[in-house]
Trainee: 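Before I ask anything, here is the structure I am working with.
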Amino acid sequence: MNNFTLTITTSDGDITLTQGVSFTFEKERYTGYTKFSGTFIGSCEPSDILYISFYYQTKLLHCGFADKVSCRQTSGKNTVTISSYGFTMLLGQNLSEPGILSSPNLDTLLDTDLDFYGITHQSSTSAVNYLYINDNTTIWDSICNYTLKAYDSFPVVIGANKVVCKASGNTAYSYDTEKIVYTESGVHLTNLISKAYTNDSDGDWSYELENSYAAERNIIKQKYYQQDKEFLYNLNVQLEQKIQYADKGREYAKYKYVGYKGEDLLDTVTLSNGNINLSSAEVDYIKIDGSKKGIFTTISCYFDSYCN
């Protein structure tokens, strides 16, 4: 695990730990933050910790607040165990100002008076004519609604804490020389919606949308949603958003290999092995596990309304 280091930033300075006992790092296409947990040899004062940073070589994988910290001494050996969420998690815990934004882009939603540490975002994104923000709408949900309107897509956190609306400058990876531990393909259909309705200005449930993917599989699950002012520009988009988000990750291809090559979300991968055949498929889930057994990376590619 020599290529992975943990830096603990405290009120008295940085503590860099290089000897890992075990760790797990995860990020996912529809989750607006990274997750890290791990145990490293070293010591610190938990109450002094301001935030932590997790690196692969010089590449910053994760930067976030230390949610849980324990420092233990056993037989003269000191260890630090930390669980941490990336700072972009805070976007889902803070509310946007309600009302109408005229000609907003991603800058408009993220350049607020809130001083979020370490969060960056894609620049020069397209402006939409307006965005209506309901009461009790989180900043992350506002970003999701903007991304849907501007790009017919779903926002992603790449790097440590960078919010993007579309892929740009992604890297391609192949695995011809890597040791593959397993390959897997599957489906996850629990959340599928078969038909969605919303009401018009007269209160009639005149807007409806069927999910043919669910219907073909004899999944009957209909939902009624009150008209949402965020989608008055096109109430059909409200129904598309409900169905497409419920479809997330409905089909997937997954593999685990020895090592870590530096993949990030929205990068592309090519692998033909076992029961999967991927050609420039988008990376939608990454998990890195480290322990005395070595470093192992799990990659998933989704096949749904937004991915591949």
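Not measured: the values here are computed from a predicted model. Starting from 1, each residue takes its place in the sequence as its number. These numbers come from the heavy atoms of this one structure, side chains and all, not from hydrogens, waters or symmetry mates.
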Trainee: If you measure from CD on Glu282 to CG on Leu265, what distance do you get to the nearest 0.5 Å?
Mentor: 8.0 Å

Trainee: When rounded to the nearest 0.5 angstrom, what distance separates SG in Cys44 from CD1 in Ile8?
Mentor: 4.0 Å

Trainee: Side-chain contact, heavy-atom cut-off 4.5 Å: Lys27 with Asp264?
Mentor: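 Side chain of Lys27 against side chain of Asp264, heavy atoms only: contact under 4.5 Å found.
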
Trainee: Regarding Asp14 and Thr9, is there a side-chain donor-to-acceptor distance under 3.5 Å anywhere?
Mentor: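 On atom types as modelled, these side chains qualify, holding a pair under 3.5 Å.
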
Trainee: Looking just at side-chain N and O atoms, do Ser300 and Asp284 make a donor-acceptor pair shorter than 3.5 Å?
Mentor: no

Trainee: Hey, quick one: are Tyr197 and Ile220 part of the same hydrophobic cluster, counting side-chain heavy atoms closer than 4.5 Å, chains of contacts allowed?
Mentor: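 Different hydrophobic clusters.
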
Trainee: Compare all side-chain heavy atoms of Ile276 with those of Tyr255 and state whether any distance is below 4.5 angstrom.
Mentor: yes

Trainee: Can you tell me which residue pairs pass the ring pair (Phe, Tyr, Trp, His ring centres under 6.0 Å) test with a partner in residues 261-301, sequence neighbours excluded?
Mentor: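 Those involving residues 261-301 do not exist here.
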
Trainee: Assess whether side-chain contact (heavy atoms from CB on, under 4.5 Å) is satisfied between Thr198 and Asp228, documenting all intermediate values.
Mentor: CA-CA 9 Å; Thr198 194; Asp228 191 334; over 6 Å; no

Trainee: Should the pair Arg250 and Tyr213 be classed as cation-pi, given the thresholds of under 6.0 Å to the six-membered ring centre and 45° from the axis?
Mentor: yes

Trainee: Quick check against the 3.5 Å criterion: does Thr112 have a side-chain atom that pairs as donor or acceptor with the backbone of Leu114?
Mentor: yes

Trainee: List the residues meeting salt bridge (Lys or Arg N to Asp or Glu O under 4.0 Å) with Glu210, not counting sequence neighbours, and say none if there are none.
Mentor: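 If we apply the salt bridge (Lys or Arg N to Asp or Glu O under 4.0 Å) test to Glu210, skipping adjacent residues, there are no hits.
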
Trainee: Give every residue pair that meets the side-chain hydrogen bond (donor to acceptor under 3.5 Å, both in side chains) criterion with at least one member in residues 216-226, sequence neighbours excluded.
Mentor: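 Those involving residues 216-226 are Asn199-Gln226.
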
Trainee: Thr108: what forms a side chain to side chain contact (heavy atoms under 4.5 Å, CB included) with it, not counting sequence neighbours?
Mentor: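 For Thr108, the residues satisfying side chain to side chain contact (heavy atoms under 4.5 Å, CB included) (neighbours in sequence not counted) are Leu101, Pro104, Asn105.
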
Trainee: Does Leu131 share a hydrophobic cluster with Val163, counting links as ILVMFWY side-chain heavy atoms below 4.5 Å and allowing steps through other members?
Mentor: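 Same cluster.
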
Trainee: Considering only distance and modelled atom types, tabulate donor-acceptor pairs under 3.5 Å from the side chains of residues 63-83, sequence neighbours left out.
Mentor:
from  : atom 1 : to    : atom 2 : distance (Å)
Gln73 : NE2    : Asn78 : OD1    : 3.2
Thr81 : OG1    : Thr39 : OG1    : 2.8

Trainee: Is a side-chain donor-acceptor pair under 3.5 Å present for Tyr302 with Glu28?
Mentor: yes

Trainee: Taking Thr297 for the side chain and Gly259 for the main chain, is one N or O donor matched with an acceptor at less than 3.5 Å?
Mentor: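 At least one qualifying donor-acceptor pair exists.
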
Trainee: May I ask you to decide if Asp202's main-chain N or O and Asp200's side chain share a donor-acceptor pair within less than 3.5 Å?
Mentor: yes

Trainee: If every non-hydrogen atom of Ser43 is compared with every non-hydrogen atom of Ile15, which pair is closest and at what distance?
Mentor: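 Shortest heavy-atom contact: O-CD1, 3.9 Å.
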
Trainee: Kindly assign one of parallel, tilted or perpendicular to the pair Tyr117 and Phe87, based on the angle between their ring planes and the thresholds 30° and 60°.
Mentor: perpendicular

Trainee: Output the distance between atom NZ (Lys166) and atom CG (Asp152), rounded to the nearest 0.5 Å.
Mentor: 14.0 Å

Trainee: Check whether any side-chain heavy atom of Asn94 sits under 4.5 Å from a side-chain heavy atom of Phe116, and report yes or no.
Mentor: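 Yes, close enough: below the 4.5 Å cut-off.
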
Trainee: Using a 3.5 Å distance criterion without hydrogens, assess whether the side chain of Asn191 forms a donor-acceptor pair with backbone atoms of Ala246.
Mentor: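 No.
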
Trainee: Quick one: do Phe303 and Ile299 end up in the same hydrophobic cluster if we chain Ile, Leu, Val, Met, Phe, Trp and Tyr together by side-chain heavy atoms under 4.5 Å apart?
Mentor: yes

Trainee: Side chains of Asp48 and Asp12: closer than 4.5 Å at any heavy-atom pair?
Mentor: yes

Trainee: Are Tyr30 and Leu106 co-members of a hydrophobic cluster defined by side-chain heavy atoms under 4.5 Å apart?
Mentor: yes

Trainee: Is any side-chain heavy atom of Asp107 less than 4.5 Å from a side-chain heavy atom of His121?
Mentor: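 The answer is yes, as the side chains (C-beta and beyond) meet within the 4.5 Å cut-off.
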
Trainee: Can you find a heavy atom in the side chain of Leu209 that is under 4.5 Å from one in the side chain of Glu240?
Mentor: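 A side-chain contact exists here, since the closest heavy-atom pair is under 4.5 Å.
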
Trainee: Does Tyr132 form a side-chain contact (heavy atoms from CB on, under 4.5 Å) with Thr137? I'd like the steps, not just the answer.
Mentor: CA-CA 10 Å; Tyr132 186 92; Thr137 298; over 6 Å; no

Trainee: Which pair of non-hydrogen atoms, one from Cys301 and one from Leu278, has the smallest distance, and what is that distance?
Mentor: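 Nearest pair, atom of Cys301 first, then Leu278: SG-CD1, 3.9 Å.
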
Trainee: Can you tell me if Tyr257 and Asn273 form a side-chain donor-acceptor pair at under 3.5 Å?
Mentor: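 Result is no, nothing qualifies.
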
Trainee: Using a cut-off of 6.0 Å, state whether more than 12 heavy atoms not belonging to Glu97 lie near its atom CD.
Mentor: no

Trainee: Can you tell me how the ring of Tyr306 sits relative to the ring of Phe154, calling it parallel under 30°, perpendicular over 60° and tilted otherwise?
Mentor: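 Tilted: the ring planes of Tyr306 and Phe154 meet at 30° to 60°.
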
Trainee: Can you tell me if CD on Gln19 sees more than 12 non-hydrogen neighbours from other groups inside 6.0 Å?
Mentor: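 Incorrect, the count does not exceed 12.
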
Trainee: State the CG-CD1 distance between Asn170 and Ile158, to the nearest 0.5 angstrom.
Mentor: 9.0 Å

Trainee: Check for me whether the distance between the ring centres of Phe25 and Phe4 falls short of 6.0 Å.
Mentor: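 Not close enough - the centres of the two rings lie 6.0 Å or further apart.
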
Trainee: How far apart are the C-alpha atoms of Leu266 and Arg29, what are their side-chain angles, what is the distance that settles it, and do they pass the side-chain contact (heavy atoms from CB on, under 4.5 Å) test?
Mentor: CA-CA 8 Å; Leu266 303 186; Arg29 177 70 168 79; 3.9 Å; yes

Trainee: Look up atom CG in Leu90 and atom OH in Tyr33, then write down how far apart they are to the nearest 0.5 Å.
Mentor: 11.0 Å

Trainee: Do any N or O atoms from the side chain of Lys59 and from the backbone of Gly262 form a donor-acceptor pair under 3.5 angstrom?
Mentor: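 The answer is yes, because a donor-acceptor pair under 3.5 Å joins these two groups.
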
Trainee: Compare all side-chain heavy atoms of Ile219 with those of Asn211 and state whether any distance is below 4.5 angstrom.
Mentor: no

Trainee: A side-chain contact here means heavy atoms from C-beta on lying under 4.5 Å apart; do Thr120 and Asn161 qualify?
Mentor: no

Trainee: For residues Gly86 and His62, report the shortest heavy-atom separation together with the two atoms involved.
Mentor: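 Scanning both residues completely, I find the closest heavy atoms to be N-CE1, 3.2 Å.
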
Trainee: Working to the nearest 0.5 Å, report the span between NZ of Lys256 and CD of Glu184.
Mentor: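 Rounded to the nearest 0.5 Å, the NZ-CD separation comes out at 11.0 Å.
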
Trainee: For residues 142-149, tabulate all N or O donor-acceptor pairs below 3.5 Å that involve a side-chain atom, not counting sequence neighbours.
Mentor:
from   : atom 1 : to     : atom 2 : distance (Å)
Ser142 : OG     : Ser96  : OG     : 2.9
Ser142 : OG     : Thr138 : O      : 3.2
Asn145 : ND2    : Asp141 : O      : 3.3
Asn145 : ND2    : Glu230 : OE1    : 2.7
Asn145 : ND2    : Glu230 : OE2    : 3.4
Tyr146 : OH     : Thr125 : OG1    : 3.2
Tyr146 : OH     : Ser126 : O      : 2.3
Thr147 : OG1    : Ile143 : O      : 2.8
Lys149 : NZ     : Asn129 : OD1    : 3.0
Lys149 : NZ     : Tyr130 : O      : 2.7

Trainee: Answer with yes or no whether the hydrophobic clustering places Val21 together with Tyr260; edges join I, L, V, M, F, W, Y residues whose side-chain heavy atoms lie under 4.5 Å apart.
Mentor: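 Val21 does not cluster with Tyr260.
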
Trainee: So, the side chain of Thr18 versus the backbone of Thr5: is there a donor-acceptor pair under 3.5 Å, distance only?
Mentor: no

Trainee: Would Ile288 and Leu61 count as a side-chain contact (heavy atoms from CB on, under 4.5 Å) if you check the C-alpha gap in whole Å, the side-chain angles of each, and the deciding distance to 0.1 Å?
Mentor: CA-CA 11 Å; Ile288 310 170; Leu61 297 179; 4.1 Å; yes

Trainee: Looking at every heavy atom in both Thr183 and Gly274, which two are closest together, and how far apart are they?
Mentor: OG1-CA, 3.7 Å

